[in-house]
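Step one of this worksheet: look at the structure below.
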2 protein chains.
Amino acid sequence: MAKNWTYVPGAEYPWQYRYEHMAVTTDCVIFTFEDRQLKVLLIRRGGEPYKGQWAFPGGFLKMNENAKEGALRELREETSLTPSAIEQLGVFSDVNRDPRERVITIAWYALVRPSDVLGGDDADEARWFPVNNLPPLAFDHSQILNAAMERLRRDIHFQPVGFDLLGEEFSIPELQAIYEAILGVKFDRRNFQRKILSSGILEEAAPEPHVDESCLKLCRMPAPIEPMPYAGANSIVDAHLDAAPTPKARTFDAAPEASIDTKSNASPDATRAKSRPGRIASLFRLNKTRYDQMKDSGDKFEF
Amino acid sequence: MAKNWTYVPGAEYPWQYRYEHMAVTTDCVIFTFEDRQLKVLLIRRGGEPYKGQWAFPGGFLKMNENAKEGALRELREETSLTPSAIEQLGVFSDVNRDPRERVITIAWYALVRPSDVLGGDDADEARWFPVNNLPPLAFDHSQILNAAMERLRRDIHFQPVGFDLLGEEFSIPELQAIYEAILGVKFDRRNFQRKILSSGILEEAAPEPHVDESCLKLCRMPAPIEPMPYAGANSIVDAHLDAAPTPKARTFDAAPEASIDTKSNASPDATRAKSRPGRIASLFRLNKTRYDQMKDSGDKFEF
DNA sequence: GCAAAAGTGTTTCGTTTACACCCATGC
DNA sequence: GCATGGGTGTAAACGAAACACTTTTGC
């Protein structure tokens, strides 16, 4: 069998093939939940094409790594993030999706806690954006985002997904806010609590009465959120255009003060920041045993 | 920006790149349901590597087609099949999964009716195999099959999936047999019937009493099936090795007479072939309107 | 007649849904 | 006190699971 490729050291184009080859990249859609909003991580492109526009972190896949390794490497290089788990979204392979050459991309998605701070070398150009208020995205990345949102809405029925978005300790109303934001519906507070407690996935965080005032202040629930609008391809862009007609506008957040600088240490209690008077919610933590059990059993975990 | 590739017409290796490029293929896992068994379509490889072994239909992705178009083209070329819908399974990208060069593959899966006959030029080398009695597969294709089986078991909860595996008209007990085979469980006949009828997805096929004996004979239910064993990577291969220790053995079917030749016209009533005495089951057909409605609503469709 | 398979109906049980009531907190 | 938010309980409604009875067919 004839060899289909050769390597010519020193040549300007040393990698030579009998048949045309395409390039392969990875892209990561990273979600977090902060300030009562679902947010995604974007980086500003430093080079052509789409220079200056926002895109998902990613890059070319190397020969000595599989797709998952490549996605995690690029993510770490560009944002210093290393999620505990990423899942494959799928391949996006439209013929003209990249003006340079034929490039297909393998998209991944992950959920991280807001306390996972960004601090990479390129961190100046990495920022969290609320999913319903995004700048225009490079390449076909708004299509990728739509796939990620759809996937998230589907996975939430089967996997205890909300916990990856929260800190170590959290209250049930906080968890409920995540489910409501992702699914765009409202649940009965009492039924939600009973259901999640009976599932056995939570354990009390502070059963002993060692409470002090400063700790309690951090545990309030944020104000009720309005359900997230459906994130269709156009509605996302439209929402941005309505809110910020000029691409130069820097106010990507619905609430300006919620816009965080990448370099600032995100508070682990960011999701609880905006308290209102009311009874203090009890704190829980994940029952890891039960969590793993549910993850690989494939049982429903629905609300 | 410097160009990263060049084309040298007439050269032995005309496609030349500044950076190393990998090859991209597509593979299709095609399921059908016949003789009370879930089956997959395999083709025997005519060239190296893995010459003579069985593999999923597929091949190299071309520059002027996206991944879905490429998968459908290869499938048509190799098996003459053109499923109405295929879905992306995911990318398999292990560094050494192909001995020739670095190759990643985009896997797809689809469900077809047993009446969709194979008749391509290479059809001699295409055959249906029961999923629990497979020959050794080339490349990492047993890993791909496992992903497809898992996906099928998951999708069946959300999509009215069984209908793609049946002919135009079918009885409810037939449909039940598919669900039981895929999920590996038994349902109460009466509850299954009530549930599926109340969903509105079926309409009566022969409401008028224009019945003649020859037609009725075709409408019997096959014998009860034993649940499909869990198709873990090893259990599949083991099942084959137990049943056919030598790779040359041709009896891949548990029931020898169920083994069909590719060239023989598969009967549309193959799933009803093995009748037992009993009352004749009523025939139904799909309510297309309701079917489309359920497909894109994402509602559950569970049994 | 008998066994096997299918159609129809009913009873029971558990889960979900929709509330009512009380407690804790900040202003 | 009062508005806001959280914790607990309960009754009604719905759907799922279990099971009885009858009909139709081949042998």
Side-chain angles (χ1 to χ4, degrees), chain A residues 36 157 169-177 179-180 183 185-200 202 204-207 209 211-225 271-284 299-303, chain B residues 36 157 169-177 179-180 183 185-200 202 204-207 209 211-225 271-284 299-303:
Chain A
R36 315 187 312 263
H157 290 292
E169 300 191 348
F170 51 87
S171 68
I172 293 181
E174 277 180 272
L175 185 63
Q176 180 176 350
Y179 275 82
E180 292 178 342
L183 292 172
V185 294
K186 291 292 269 177
F187 297 105
D188 183 285
R189 178 175 56 84
R190 299 149 290 192
N191 292 334
F192 185 90
Q193 169 141 338
R194 184 164 5 86
K195 197 162 180 178
I196 199 147
L197 282 179
S198 69
S199 76
L202 297 188
E204 281 190 72
V211 285
D212 72 291
E213 189 61 20
S214 65
C215 168
L216 288 179
K217 277 199 202 308
L218 298 172
C219 311
R220 312 220 180 292
M221 250 303 284
I225 53 153
T271 55
R272 289 188 275 262
K274 315 195 174 195
S275 324
R276 293 256 209 103
R279 183 169 171 173
I280 296 166
S282 312
L283 289 187
F284 293 85
D299 280 354
K300 265 180 318 192
F301 188 81
E302 190 157 7
F303 292 99
Chain B
R36 316 187 312 262
H157 290 291
E169 300 191 348
F170 52 86
S171 68
I172 293 181
E174 278 181 88
L175 185 63
Q176 180 175 352
Y179 275 82
E180 292 177 341
L183 293 173
V185 294
K186 293 291 270 177
F187 297 105
D188 182 284
R189 178 176 56 85
R190 298 149 289 192
N191 291 335
F192 185 91
Q193 170 140 337
R194 184 165 3 88
K195 198 162 179 178
I196 199 149
L197 281 179
S198 69
S199 76
L202 297 188
E204 280 191 71
V211 285
D212 72 290
E213 190 60 19
S214 64
C215 169
L216 288 178
K217 278 201 201 307
L218 297 173
C219 312
R220 315 220 177 294
M221 250 304 286
I225 53 153
T271 54
R272 288 188 275 262
K274 313 195 174 193
S275 326
R276 292 256 210 103
R279 183 169 171 173
I280 296 164
S282 313
L283 290 187
F284 294 84
D299 280 354
K300 265 180 317 190
F301 188 80
E302 190 158 5
F303 291 100

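Every chain is numbered from 1, with letters handed out A, B, ... down the list of sequences.
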Next item on the list: Starting from P on D:dG15, measure out to CD1 on B:Ile196 and report it in whole angstrom.
Entry: 17 Å
Checklist line | Side chain proximity check, A:Gln193 to A:Leu197, heavy atoms < 4.5 angstrom | finding: yes
Note to self: Just the rounded figure in Å: distance from C1' of C:dA20 to CG of A:Asn191.
What the structure shows: 13 Å
Item checked: Smallest separation among heavy atoms of A:Glu169 and A:Leu283, with atom names -> OE1-CD1, 3.6 Å
Item checked: Integer-rounded Å distance: D:dG6 P and A:Phe187 CZ -> 16 Å
Check: Could you give the CG-to-P distance, from B:Leu197 to C:dT8, as a whole number of Å?
Finding: 8 Å
Notebook entry, point to check: Are OP1 or OP2 of D:dG6 and a side-chain N or O of A:Ser282 less than 4.0 angstrom apart?
Noted result: no
Note to self: Could you tell me how far apart B:Ile280 (CD1) and D:dT22 (P) are, to the nearest whole angstrom?
What the structure shows: 22 Å
Item checked: Non-hydrogen side-chain atoms of A:Ile196 and A:Phe192 separated by less than 4.5 Å -> yes
Margin query: Return the NZ to CG distance between B:Lys195 and B:Asp188, rounded to the nearest 0.5 Å.
Written below: 11.5 Å
Item checked: Nearest listed nucleotide, side chain of A:Gln193, among C:dA6, D:dG9, D:dG7 -> D:dG7
Notebook entry, point to check: Of the non-hydrogen atoms in B:Gln176 and B:Arg189, which two are nearest, and what is the gap between them?
Noted result: OE1-CA, 3.7 Å
Margin query: I want to verify a distance call: between C:dG7, D:dG7, C:dA18, whose nearest atom is closest to the A:Arg189 side chain?
Written below: D:dG7
Next item on the list: Take the protein atom CZ of B:Arg279 and the nucleotide atom P of C:dA5, then report the distance between them rounded to whole Å.
Entry: 14 Å
Next item on the list: Could you check which of C:dG7, C:dA18, D:dG7 has an atom nearest any side-chain atom of A:Asp188?
Entry: C:dA18
Notebook entry, point to check: So does B:Lys195 get a side-chain nitrogen or oxygen closer than 4.0 Å to the phosphate oxygens (OP1/OP2) of D:dG15?
Noted result: no
Note to self: Once hydrogens and angles are ignored, does a donor-acceptor distance under 3.5 Å link the base of C:dA20 to the side chain of A:Arg190?
What the structure shows: yes
Next item on the list: Quickly work out the A:Ile172 CD1 to D:dG6 C1' distance and round it to whole Å.
Entry: 10 Å
Next item on the list: Let me know the distance between CZ of A:Phe192 and P of D:dG5, rounded to the nearest Å.
Entry: 17 Å
